[in-house]
Amino acid sequence: MKYMLLNQHWLIILSKMKHPIDKPTFLWYNKENIFGGTIMNSDSGFGSSGAPFEYAVAEANNKALKTKKALFIVGYVLYAAIILGLGAGSKIFLPLMCFIPLSLWIIVWLTWRFTQVEYEYSFFSGELTVNRILGNRTRKNLTKVRIQNFSAIFPATELNQSKIEAFAAENTIFAVSEAGAEGIWVALWDDAESGKHQALYFEPNEKAIKILKYYNASAMAK
């Protein structure tokens, strides 16, 4: 019955048309009317039904990160040396030789991830979600905020430093590859629950900037 009614609907439309249309044109017209809503709300228009736009920036392999890695390695070596020293000359020396590799592997698995840090930005349905990912395994949400709630969004340059200081953020989130990296922006807003001033330092790419402007152009104009 459903298909009969649908066919009758199109027959009525065709019967009222003054000029016949060819088959390809008819199919195109059909598709646009049926799926037009989906096309209008696709990700290309930053609509709510599109897929999330997300990407990540990794912690820069700078001097600070290299120092952190070196300290972790030194810590692993010291751990093995201390255990061996405590067990040297005792009856448990041989069992320790088996215990050290296993325990060291567990320690490395738990701690080395802190030398592999990424910040993931996800834009979906007018919201920005920022997560910190350690070692491609553990994820921690840093913030989730509606873009329209931002009171100001601008590059974190020296020219805008006075605006940042005047805002006096009570909670600051750094989700950038490194301090002083090119392309760092800052978003300012007041948290609805706590009422505290919030500041987010992040690195938006070209599409992210377009999304921010689409949802809150007035904040970017300040």
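A quick note: this is a predicted structure, and the numbers were derived from the prediction, not measured.
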Query - Ile73 side chain reached by Trp112 side chain, heavy atoms, under 4.5 Å - result: yes
Requested in this report: Kindly indicate whether the side chain of Val145, heavy atoms from C-beta on, has any atom under 4.5 Å from the side chain of Phe150.
Outcome: yes
Requested in this report: Go through the side-chain N and O atoms of Asn171 and His197 and say whether any donor and acceptor fall under 3.5 Å apart.
Outcome: no
Query - Non-hydrogen side-chain atoms of Phe154 and Val186 separated by less than 4.5 Å - result: yes
**Report entry** Salt-bridge present (Glu59, Lys68; N to O < 4.0 Å)
**Finding:** yes
Query raised in the report: Can Ser177 and Tyr119 be counted as having a side-chain donor-acceptor contact under 3.5 angstrom?
Result: no
Report task. With rounding to the nearest 0.5 Å, note down the distance linking CD1 in Ile147 to CZ in Phe124. Result -> 12.0 Å
Query raised in the report: Would Glu178 and Asn62 count as a side-chain hydrogen bond (donor to acceptor under 3.5 Å, both in side chains) if you check the C-alpha gap in whole Å, the side-chain angles of each, and the deciding distance to 0.1 Å?
Result: CA-CA 8 Å; Glu178 64 177 330; Asn62 52 22; 2.9 Å; yes
Query - Within one Ile-Leu-Val-Met-Phe-Trp-Tyr cluster: Tyr214 and Trp185, side-chain cutoff 4.5 Å - result: yes
Query raised in the report: When you measure from the side chain of Asn160 to the backbone N and O of Lys163, does any donor-acceptor pair fall under 3.5 Å?
Result: no
**Report entry** Distance-only donor-acceptor check, side chains Asn216 and Ser218, under 3.5 Å
**Finding:** yes
Query raised in the report: Is Arg146 positioned over the aromatic face of Trp189, cation under 6.0 angstrom from the ring centre and no more than 45 degrees off axis?
Result: no
Query raised in the report: Would you say Tyr121 and Thr129 make side-chain contact, with heavy atoms under 4.5 Å?
Result: no
Requested in this report: Return yes if some donor-acceptor pair links the side-chain N/O of Ser122 with the main-chain N/O of Glu54 below 3.5 Å, else return no.
Outcome: no
Query raised in the report: Is Arg132 paired with Glu120 through a side-chain N to carboxylate O contact shorter than 4.0 Å?
Result: no
Report task. May I ask you to check whether over 12 heavy atoms, not counting those of Phe99, lie within 6.0 Å of atom CZ? Result -> no
Report task. With the side chain counted from C-beta on, respond yes when Leu128 and Leu200 share a heavy-atom pair under 4.5 Å apart, and no when they do not. Result -> yes
Query raised in the report: Does Arg113 reach the main-chain N or O of Leu110 with its side chain, forming a donor-acceptor pair under 3.5 Å?
Result: yes
